[in-house]
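Just so we're on the same page: letters track the sequence lines, and every chain starts at 1.
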Protein chains: 2
Amino acid sequence: MLNYSTSEENYIKAIYHLQQMDDMVTTNELAAELKTKPASVTDMMKKLKAKKLLNYERYQGFRLTNEGNKVALGIIRRHRLWEYFLAEKLKFTWDEVHEVAEDLEHVTNKKLIDKLDEFLGFPRVDPHGDPIPDANGKIEIMKKICLTELPLNKTAIVGSVSDQSSKILELLEHKNISIGTRLEIKKRFEFDNSMEVRIGRQPAFTISKQLAENIFVLNN
Amino acid sequence: MLNYSTSEENYIKAIYHLQQMDDMVTTNELAAELKTKPASVTDMMKKLKAKKLLNYERYQGFRLTNEGNKVALGIIRRHRLWEYFLAEKLKFTWDEVHEVAEDLEHVTNKKLIDKLDEFLGFPRVDPHGDPIPDANGKIEIMKKICLTELPLNKTAIVGSVSDQSSKILELLEHKNISIGTRLEIKKRFEFDNSMEVRIGRQPAFTISKQLAENIFVLNN
DNA sequence: AAATAAATTTAGACAAAACTAAAAAATAGT
DNA sequence: ACTATTTTTTAGTTTTGTCTAAATTTATTT
Ligand SMILES: [Mn+2]
Ligand SMILES: [Mn+2]
Ligand SMILES: [Mn+2]
Ligand SMILES: [Mn+2]
């Protein structure tokens, strides 16, 4: 596995994430994601294509090749292991870890990452509930559904939260919801799509549509 | 405190180390240390001078300003804390930590480093026995002398080792010497400058001139 | 004090990664 | 089918950090 620059890695990771949504990623989408200009994206796409990490024909959008996906999973492994380290060992809060991991992920020393993984006890998910690829790049995809889709009176475990801001963290802490919390929907209101949620035998409480849309529960 | 590029940081740190030896650092010295060319050094010296990190007049050599020294101590703090982390928590051996720390040191997030320091229990020295600057950049200079200077029959504690290769590590492990070992010189031989060393009440053993030159003991 | 050698700086080139502005291609609207 | 809009690419610059080769300054010999 060759080495890639920080900039190349940031592009590769962003493409990986975007292609989970739409299958073809476009120049403008990627420019927006990376807060850069479309012209810069085109330049980099040519470079990544030359390195066989990308399938790309001009004006047609792009997808990572198998090799590109492997590289992306390596970066994501590093990112999420460092997030776990920061939260679990250094007691960073949930909303602080991403920014720091954004830099740490670019230190590409296999032994460092594999020893870190071992030191952390081979965690399976990061502090946001996203799965951590193993040393072979294998990632455990957990089937999850949005809280807005969960049937009434069926308990489920919170698996991940898509927003990572301090604002949503503040709200989730206030409502006592975190990754791993088992909850159920008791009622939905059509007027504003708010819902009544209950954790265990505690009294039910309300959460807004906006909050529910960012909470994903394990579907088992 | 502004932010500096990885390249600028590597130059600043190298100058700091070189000026511990000679007081003025020269272009060729620095080029050799960084495995770069003298022309590149001159370019960077102009830049660091413009940023007021360096006192530099052409053809005269250079030294860091007070501000430059502060920046250097920040880099060294990060480097040595990561070395300690790698050795103590991830069980890297002594000769492996430097290379990895060389990259990790450039992640400049104050909170990360201060929390790491706390997590590690505020270590005072790195795995090579070199002192770790505190959060204010204060560094504890321990008076040390080379083992070649230690008087006969006077016990002293090994404080640091200047070479950091796996070869010296192998030898030191075989001789049971590490940072913190209390030892004394029983005899010196003029023919090859080898010496008989004793640790506690164990039988004395021989170490070569070359090895002795790389071992420094606390002078108290 | 020249002459020679060594160290240092300058000049000019290059690669990586970004940008702006203009051109070209694809898409949408009528 | 033609026009207008949006998207994407190209062309030409800029900044950072590196290099080689040539010029300049300083240091060392004779
Ligand atoms: Mn990143
Ligand atoms: Mn995450
Ligand atoms: Mn470094
Ligand atoms: Mn060290």
Side-chain angles (χ1 to χ4, degrees), chain A residues 2-15 18-19 21-64 68 71-72 75 102-103 105-108, chain B residues 2-15 18-19 21-64 68 71-72 75 102-103 105-108:
Chain A
L2 294 172
N3 263 351
Y4 301 99
S5 72
T6 294
S7 192
E8 288 171 330
E9 287 190 342
N10 284 336
Y11 276 93
I12 293 163
K13 190 175 61 145
I15 296 167
L18 288 175
Q19 73 186 9
M21 321 253 90
D22 331 80
D23 55 353
M24 269 295 174
V25 182
T26 69
T27 304
N28 273 358
E29 261 184 314
L30 186 51
E33 175 79 12
L34 290 170
K35 294 178 195 344
T36 183
K37 305 290 156 171
S40 308
V41 170
T42 300
D43 286 347
M44 185 58 90
M45 294 310 95
K46 288 178 187 167
K47 211 165 90 171
L48 295 181
K49 183 192 171 156
K51 295 191 178 186
K52 298 193 194 299
L53 299 176
L54 204 62
N55 291 123
Y56 165 59
E57 293 305 326
R58 64 201 216 296
Y59 295 106
Q60 304 298 140
F62 28 82
R63 300 214 89 214
L64 294 172
V71 175
I75 303 162
E102 204 55 51
D103 289 335
E105 69 187 0
H106 302 294
V107 178
T108 60
Chain B
L2 294 173
N3 263 352
Y4 301 99
S5 72
T6 294
S7 192
E8 288 171 328
E9 288 190 341
N10 285 335
Y11 276 93
I12 293 163
K13 192 175 59 147
I15 297 167
L18 289 175
Q19 73 186 9
M21 320 255 91
D22 331 81
D23 57 353
M24 269 295 175
V25 182
T26 70
T27 304
N28 275 358
E29 259 184 315
L30 186 49
E33 173 80 12
L34 290 171
K35 296 175 196 342
T36 184
K37 305 290 155 169
S40 308
V41 170
T42 301
D43 286 347
M44 185 59 90
M45 294 310 95
K46 288 179 188 167
K47 211 165 92 173
L48 295 181
K49 183 192 172 156
K51 294 191 179 187
K52 298 192 193 302
L53 298 176
L54 205 62
N55 291 124
Y56 166 60
E57 293 305 327
R58 64 201 219 296
Y59 295 103
Q60 305 298 142
F62 28 83
R63 300 212 91 217
L64 294 172
V71 174
I75 303 162
E102 204 54 53
D103 289 335
E105 70 186 0
H106 303 293
V107 177
T108 60

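Remark: Phe62(B) engages Tyr56(B) in a ring pair (Phe, Tyr, Trp, His ring centres under 6.0 Å) (not counting sequence neighbours). Taking the side-chain hydrogen bond (donor to acceptor under 3.5 Å, both in side chains) definition, one finds that Glu57(B) meets it with Lys49(B), sequence neighbours left out. Under the rule for a salt bridge (Lys or Arg N to Asp or Glu O under 4.0 Å), the partners of Lys51(A) that lie at least two apart in sequence or sit in another chain are Glu8(A). In this structure, the side-chain hydrogen bond (donor to acceptor under 3.5 Å, both in side chains) partners of Asn10(A), at least two apart in sequence or on a different chain, are His106(A). Here Thr26(A) pairs with Glu29(A) under the side-chain hydrogen bond (donor to acceptor under 3.5 Å, both in side chains) rule; sequence neighbours left out. Thr36(A) meets the side-chain hydrogen bond (donor to acceptor under 3.5 Å, both in side chains) test with no other residue; sequence neighbours excluded.
For DNA chain D, the neighbouring residues in residues 23-33 of chain A, judged by any heavy atom under 4.0 Å, are Thr26(A), Thr27(A), Asn28(A).
Counting to the nearest Å, the C1' atom of dT9(C) and the CD atom of Glu57(B) are 14 Å from each other. Spacing between atom CG of Asn10(A) and atom P of dA16(C) amounts to 17 Å, rounded to whole angstrom units. In this entry the distance linking CG of Asp22(A) with P of dT7(D) reads 14 Å, nearest Å. The nearest whole Å value for the distance from the CD atom in Glu9(A) to the P atom in dA16(C) is 16 Å. Distance, Glu8(B) CD to dT16(D) P: 9 Å, rounded to whole Å. Following rounding to the nearest Å, Asp43(B) (CG) and dT20(D) (C1') show an atom-to-atom distance of 12 Å.
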Got a list of protein N/O to nucleotides 20-28 of chain C N/O distances below 3.5 Å?
unit_1: dA25(C); atom_1: O4'; unit_2: Tyr59(A); atom_2: OH; d: 3.3

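A sub-4.0 Å separation between OP1 or OP2 of dT16(D) and a side-chain N or O of Ser7(B) is absent. Using a 4.0 Å cut-off, some side-chain N or O of Tyr56(A) falls inside it from OP1 or OP2 of dT9(D).
Legend: ring pair (Phe, Tyr, Trp, His ring centres under 6.0 Å) pairs involving residues 33-55 of chain B, not counting sequence neighbours: none detected.
Going from atom CG of Leu53(A) over to atom OH of Tyr4(A) covers 4.0 Å, rounded to the nearest 0.5 Å.
If you check every strand for non-hydrogen atoms under 4.0 Å, Phe62(A) touches nothing.
The heavy-atom pair separating Ile12(A) from Gly68(A) by the smallest distance is CG2-O, 3.8 Å.
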